[in-house]
2 protein chains.
Amino acid sequence: MYTETATMGSITPLRASERAYRQLRGEILDGVLAPGTGLLEVEQAERIGVSRTPLREAVARLIADGLVAGRTGRGFEVTEISVDSIGELYELRQALELQAVRLAAERRDPQAFLVLREQFLTAPELLLHGDSGVRRYYTLIEEFEEAIDAAVVNPFLVGALRSVRTHLARIRRLARKNSLRLRQAAAEHLLIIDAIIAGDPSLAAHAAHVHLHMSLTSVLRAIEEDALARGDRIAPSETVYPQISQSS
Amino acid sequence: MYTETATMGSITPLRASERAYRQLRGEILDGVLAPGTGLLEVEQAERIGVSRTPLREAVARLIADGLVAGRTGRGFEVTEISVDSIGELYELRQALELQAVRLAAERRDPQAFLVLREQFLTAPELLLHGDSGVRRYYTLIEEFEEAIDAAVVNPFLVGALRSVRTHLARIRRLARKNSLRLRQAAAEHLLIIDAIIAGDPSLAAHAAHVHLHMSLTSVLRAIEEDALARGDRIAPSETVYPQISQSS
DNA sequence: GTTGCGGTTTCTGTATACACAAGACTGATC
DNA sequence: GATCAGTCTTGTGTATACAGAAACCGCAAC
């Protein structure tokens, strides 16, 4: 959004602030910088190899993204992800994605989604091919999201969606999905795509609603199982939807 | 969100970057800095009375808000508001506000909305009292929005709503509403409030949908009338929804 | 043992200086 | 007279220096 390098692939030396932003953002999304980690300006500036000025600009952008929060006195810290915040994020996600697929169904270029449809049909087979298949599947999801963005046109809505996807990327790391769930998800996506091709906004929205419900349920269950496997004590009454204290 | 001055009213000297941000933001929202205005760092830093470093931080936040866009070569500029972008903003607004009132109806504290209800009942009377009445009415709207935010709880959703409201503030300036429309709007708000009090999410969402539709129609008509009054040539076929070229 | 106060240290917030790049202007040549 | 090239101006991107403030540590008193 800042530096247009559309013509050629990042031949531009890239500004220091942009480098710092991308590196920090990447490290936060990959979990290298764990939630709650306290960061100091000088320390990070040295590590990344830029001076404090561009680093501060990068941090300002991360704060705007909601990936980092300014601490009162000392430095800044990577924001926490609580189970509550996952539910909250999905409430926003639902509002945005239902609207997005609705508009996409009204305005779509059928051709683009017909191509996507073919690819999603091969997903179950794809997911039998181990880790590389899973990666290929995730690129497919990205192409799907890009097709939606292109069909929706609306920059405000697309911007809000991008923000949500940033946080989703962090959550995905928390609960790596099993391949059974991924096959289900592919089928759910196929339904949404069919509705969009058919130009049926209402069906597209309802299919997306179903998908998001399944997705949230799966994520929460995976997190819960991870917690149990690590031996965290969870009271029996809370096993279905464990309530963890909320930051923010 | 940055500086907590909850205890006392802005006794804190306030950081230079924060001052620059608030001043620029205020001037953009009030239209003092018109859309399309080109801004230069040195020039603005001098005018506001801060050095370039905090000014750049302020501009970075404004860019994140979508109020300002970086120009390729020279400086930055206040973003344009096209008629298309108003429609697009309302598409996002609809997604967010319908979800918000839905959740508010589920989670609300009835007491807060009963108080609001009483106040909104007096709105038609209030709006007979000229300009001060109109200002009082707008504070009422703000209280309504705050009550929704409090009832929704969800920080992600509330954050997205705040962003939308920022852009709405600019649009309101473009098309100052007549008092007839404001009385209608008050009645529409009352319906939403009643639905929330009744704990009926679906009714609340539908009432909000109606309100937004009326609001958008009114805004577009007001802008069109302004354009005609200024003598702008609009082709007859475009009178209902004039299509103006889109920035962003 | 705990609590309060003061000194010290470290970190942020801001200003400023410097380097590099992109336009603009001027002069020369065709 | 027009066009191109070189220089010059101007503005951003970055580094760094300085000042003020907040946290930490130690000491002392209760």
Side-chain angles (χ1 to χ4, degrees), chain A residues 1-25 28 33 36-65 67-79, chain B residues 1-25 28 33 36-65 67-79:
Chain A
M1 200 184 281
Y2 285 86
T3 316
E4 291 296 299
T5 46
T7 47
M8 295 184 169
S10 71
I11 290 178
T12 314
L14 223 52
R15 299 199 304 284
S17 62
E18 185 69 24
R19 259 192 305 134
Y21 173 71
R22 293 198 192 173
Q23 180 169 344
L24 284 174
R25 184 189 151 97
I28 291 171
L33 296 176
T37 308
L39 275 1
L40 263 43
E41 285 185 11
V42 276
E43 166 188 309
Q44 293 304 312
E46 250 177 50
R47 186 174 68 86
I48 295 175
V50 302
S51 88
R52 279 182 56 218
T53 309
L55 183 104
R56 282 174 63 87
E57 192 172 319
V59 170
R61 286 174 67 186
L62 291 170
I63 289 176
D65 290 348
L67 293 176
V68 149
R71 282 207 286 214
T72 50
R74 227 95 166 151
F76 50 95
E77 72 176 42
V78 181
T79 50
Chain B
M1 200 184 281
Y2 284 87
T3 316
E4 291 296 299
T5 47
T7 46
M8 296 182 169
S10 71
I11 290 179
T12 315
L14 222 54
R15 300 198 305 283
S17 62
E18 185 69 24
R19 259 191 304 134
Y21 174 70
R22 293 198 192 174
Q23 180 168 344
L24 284 174
R25 185 189 149 96
I28 292 170
L33 295 175
T37 308
L39 275 3
L40 262 45
E41 285 185 12
V42 274
E43 167 188 308
Q44 293 303 312
E46 251 177 49
R47 187 174 69 84
I48 296 176
V50 302
S51 88
R52 280 182 56 217
T53 310
L55 184 105
R56 282 174 65 87
E57 192 172 319
V59 170
R61 285 174 68 187
L62 291 170
I63 290 176
D65 290 348
L67 293 175
V68 149
R71 283 207 286 215
T72 49
R74 228 96 166 149
F76 50 96
E77 72 176 42
V78 180
T79 50

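The only member of A:Glu41, A:Glu46, A:Glu57 that meets salt bridge (Lys or Arg N to Asp or Glu O under 4.0 Å) when paired with A:Arg52 is A:Glu41.
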Check the interface with nucleotides 15-18 of chain D: list each N/O to N/O pair with the protein under 3.5 Å, or write none.
unit_1: D:dA15; atom_1: OP2; unit_2: A:Ser51; atom_2: N; d: 2.7
unit_1: D:dA15; atom_1: OP2; unit_2: A:Ser51; atom_2: OG; d: 2.7
unit_1: D:dA15; atom_1: N7; unit_2: A:Thr53; atom_2: OG1; d: 3.0
unit_1: D:dT16; atom_1: O4; unit_2: A:Thr53; atom_2: OG1; d: 3.0

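By the side chain to side chain contact (heavy atoms under 4.5 Å, CB included) test, A:Thr53 is found to be paired with A:Ser51, residues two or more places apart in sequence or in another chain being considered. When the side chain to side chain contact (heavy atoms under 4.5 Å, CB included) test is applied to A:Gln44, the partners found at least two apart in sequence or on another chain are A:Leu24, A:Leu39, A:Arg47, A:Leu55, A:Phe76.
Straight-line distance from the CD atom of B:Glu77 to the C1' atom of D:dG11: 16 Å, rounded to whole Å. We find that CD of A:Glu41 is positioned 6 Å from P of C:dG13, with the value rounded to whole Å. Between the CD atom of B:Gln44 and the C1' atom of D:dG11 there is a distance of 14 Å, given to the nearest Å. For B:Glu57 and D:dT12, the CD to P distance is 17 Å, given to the nearest whole Å. Between the CD atom of A:Glu18 and the P atom of D:dT12 there is a distance of 18 Å, rounded to whole Å. Going from atom CZ of B:Arg19 over to atom C1' of C:dT14 covers 11 Å, rounded to whole Å. In this structure, the OH atom of B:Tyr21 is 19 Å from the C1' atom of C:dG13, given to the nearest Å. In this structure, B:Glu43 places its CD atom 14 Å from P of D:dT10, rounding to the nearest Å.
For B:Arg56, a side-chain nitrogen or oxygen approaches OP1 or OP2 of D:dG13 to under 4.0 Å.
Of the possible polar contacts, none joining the B:Ser17 side chain to the B:Ala58 backbone as a donor-acceptor pair under 3.5 Å is found.
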query: Stepwise, does the salt bridge (charged side-chain N to carboxylate O under 4.0 Å, His left out) test hold for B:Glu18 with B:Arg25?
result: CA-CA 10 Å; B:Glu18 185 69 24; B:Arg25 185 189 149 96; over 6 Å; no
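Surrounding CD of A:Glu43 are more than 12 heavy atoms belonging to other residues, nucleotides or ligands, all under 6.0 Å away.
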